[in-house]
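Taking it in order: structure first as structure tokens, then the write-up.
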Protein chains: 2
Amino acid sequence: MTLRKRRVKLEDIARKLNISIATVSRALDKNPRVKLSTRDKVFKMAKAMGYMPNQIAKSLSSGKTNIIGVIIPRYDEPFFIEVCRGIDHYAREYDYKILISSSRNSFEFERENLISFEKGLVDGIILSPTHETETFVHIKNIINKGIPVVLFDNIREEVQGADHVSIEDDKASFSAVEFLIKKGKKRIAFIGGIKEKKVFQDRYKGYLKAMQEYNITIYEELILHCDSLDRECEDAEIQKFFNGLSIKPDAVFTCTDNYGLLTMKTLLKLGYKIPEEVSVIGFGDLGLGEVFVPSMTCVAQPSFEMGQKVAELLIDQFNEATDVNHRKKVIKLDTKLVLRDST
Amino acid sequence: MTLRKRRVKLEDIARKLNISIATVSRALDKNPRVKLSTRDKVFKMAKAMGYMPNQIAKSLSSGKTNIIGVIIPRYDEPFFIEVCRGIDHYAREYDYKILISSSRNSFEFERENLISFEKGLVDGIILSPTHETETFVHIKNIINKGIPVVLFDNIREEVQGADHVSIEDDKASFSAVEFLIKKGKKRIAFIGGIKEKKVFQDRYKGYLKAMQEYNITIYEELILHCDSLDRECEDAEIQKFFNGLSIKPDAVFTCTDNYGLLTMKTLLKLGYKIPEEVSVIGFGDLGLGEVFVPSMTCVAQPSFEMGQKVAELLIDQFNEATDVNHRKKVIKLDTKLVLRDST
DNA sequence: CTGTTAGCGCATTCAA
DNA sequence: TTGAATGCGCTAACAG
């Protein structure tokens with residue numbers, strides 16, 4: 001009751017029963033090569049003694065930990081959490097657990113996390129690169145050691161030997177902006193994120209493409225690339241942006257749900273009527289757009305499904321014959337525009 | 001490049017250098033008992049060969065994994081994620097990683113997760129019990145095995161040998177309701193969560209206490225205990241509630257941020273003016289209340305800090321002499337009412 | 001059907 | 001200052 005108890009191990013059961021450790025091990029494994037009566041005895045004794053197998057010893061011996069390492073840029077972004085939920089959902093079916101760590105939007109942290117995973121704690125790695133991640137040697141190193149890797153979301157460069165899952169950001173934003181244009185909008189503002197991040201670059205490209213294709217004037221003044229890495233700063237940045245405009249936008253396409261909500265809030269405060277005077281579109285559709293008044297039209301990104309897919313690919317890699325030249329898979333998931341009251 | 005590579009191990013380095021494994025091990029440990037020149041040789045060779053220690057082997061040998069197991073009822077609740085972020089933040093300082101798993105609001109899953117952690121994968125466990133959790137024998141079992149445990153948030157019963165961290169839910173809601181009363185509100189509605197959950201029971205108690213203490217009439221019709229376990233259902237449930245009222249509330253105290261937001265949305269749609277005709281208060285304050293228009297007054301719960309505290313207590317337990325009768329600590333964190341436009 | 005033995009990779013005690 | 005040997009708890013190949 002007071003001192004840390006010594007765990008019951010196979011040996012203890014074996015000794016009590018006067019049989020060998022191997023037999024106990026096999027019995028608990030339900031190996032058919034052990035007599036049923038013996039198996040029963042072993043199970044009863046194990047239960048009586050409160051036996052619990054030692055996962056670490058198992059892992060050392062088997063070379064498998066049944067843990068998937070997940071590295072996301074940040075916790076406080078519902079998208080990543082939703083992906084994790086998808087991963088967890090799929091992984092659990094196959095008896096894998098997930099070890100989540102945040103790179104805190106820092107390349108250095110990402111590298112450290114990766115190295116820590118390289119120490120054999122995980123069977124494979126799922127990673128969403130930060131905006132700072134320009135070189136991919138740290139990832140290639142991991143792959144070269146034979147550790148399965150799947151990348152998702154912000155993929156600047158395809159890495160040989162890893163699978164990739166993302167959406168077609170350019171197309172998704174193109175469609176959304178096209179929708180606004182077809183509604184007759186002329187002064188369409190763009191609120192993007194950190195310029196270094198591939199997903200934001202692509203969403204910007206889609207915006208530009210739609211504007212150009214339909215010959216809509218692009219006003220530099222109506223374009224903002226948010227630099228902020230946390231919510232409060234985003235809020236301030238967006239407020240400042242709209243306060244200083246000389247041109248009144250009649251629509252705003254934004255690159256995250258949060259930007260969309262902050263935009264709506266700011267516009268409402270400035271007296272704009274949504275959607276009568278200005279339309280707003282968000283990106284992600286992680287639940288909040290539905291609650292806001294007016295509810296927000298969003299590009300819906302299949303986050304949970306992305307998590308499931310990513311986990312599926314990783315577990316497929318585990319089961320591949322013997323890593324013989326893993327052919328990388330590049331999966332693009334579909335997005336759709338969910339229409340609500342803000343447009 | 002094609003086959004899974006065999007990892008470099010101590011033995012490989014030792015052989016190359018014609019020294020013993022023990023010396024290599026000590027050298028890499030920077031053990032002063034090994035000659036500096038040897039240490040240098042070893043480090044160089046280790047680097048050249050791309051040596052990476054095997055964490056599993058280390059753990060088996062040392063009996064420590066440096067992993068903290070975290071069990072939360074669900075992922076899609078910002079409160080829990082924020083707590084995890086706090087845990088991660090603190091734990092990382094002490095070189096611990098966190099293994100998060102969700103009990104999906106199910107006692108059975110909670111038990112399973114706990115058992116899976118009992119297999120020696122984690123050094124200690126942080127747990128937030130589900131609403132279904134009535135018996136605590138599964139937790140006591142873990143504690144009896146000498147595994148450190150810290151509980152947080154929804155603690156129905158104090159468990160001997162575990163630390164506890166929570167807020168004073170009754171006092172927090174009392175203050176919030178008192179604030180509404182002092183504003184002159186007479187028909188104060190209450191939106192709570194699952195009745196089985198201790199935190200909601202306590203928040204309800206605080207509401208009742210304030211109402212009684214100030215002699216305010218309590219209308220049964222204005223009280224709702226949400227049963228839903230996911231967002232869409234909550235939405236429907238709350239809409240239905242407000243649609244059916246014969247008494248018009250002049251204030252609504254809600255037990256989560258989400259209830260608060262859904263309430264505001266529903267009331268706005270029904271044509272209520274906030275805060276002129278009706279005030280709304282949320283509980284949690286996890287960022288969304290600030291964005292909504294009008295912004296929402298909230299009971300602010302220190303989620304990140306709760307995570308840090310919980311991690312601190314667990315790591316303290318790790319370092320305690322030798323589990324000699326761990327005296328459980330019960331910590332109550334402070335809440336405060338953050339005033340915004342909805343009141 | 002069961003037992004013996006040899007690892008898994010590292011830390012550590014005991015000798016030298 | 002270094003090496004040899006043992007153990008952490010379990011699996012699996014090989015015998016019997």
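Chain A is the first sequence line, chain B the second, and so forth, proteins listed ahead of strands; every chain is numbered from 1. Every heavy atom of this structure was used, including side-chain atoms; hydrogens, water molecules and symmetry mates were not.
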With a 4.0 Å cut-off, would you call Arg85(A) and Asp88(A) a salt bridge?
no
Would you say dT2(C) has OP1 or OP2 under 4.0 Å from some side-chain N or O of Ser20(A)?
no
Gap between atoms CZ and P, on Arg15(B) and dG9(C) respectively (whole Å):
12 Å
With side chains defined as the heavy atoms from C-beta onward, is the minimum distance between Ile115(A) and Met52(B) less than 4.5 Å?
yes
Rounded to the Å, how far apart are Leu28(A) CG and dG9(D) C1'?
13 Å
Pairs under 3.5 angstrom, nitrogen or oxygen only, protein versus nucleotides 13-16 of chain D, please.
residue, atom, partner, partner atom, Å
dA13(D), N6, Arg26(A), NH1, 3.4

Sorted by chain and number, sequence neighbours left out, salt bridge (Lys or Arg N to Asp or Glu O under 4.0 Å) with Lys309(A) holds for Glu312(A)
Length of the CG-P vector between Leu60(B) and dT11(D), whole Å:
12 Å
Between Arg104(A) and Phe109(A), is NZ or CZ placed under 6.0 angstrom from the six-membered ring centre and within 45° of the ring axis?
yes
Expressed in angstrom and rounded to an integer, what is the separation of Leu10(B) atom CG from dT12(C) atom P?
12 Å
I'd like to check Ser101(B) versus Arg92(A) (side-chain heavy atoms, cut-off strictly below 4.5 Å). Are they in contact?
yes
Using whole Å, report how far CZ of Arg39(A) lies from C1' of dT2(C).
15 Å
Centroid separation under 6.0 Å, is that true for the rings of Phe318(B) and Tyr96(B)?
yes
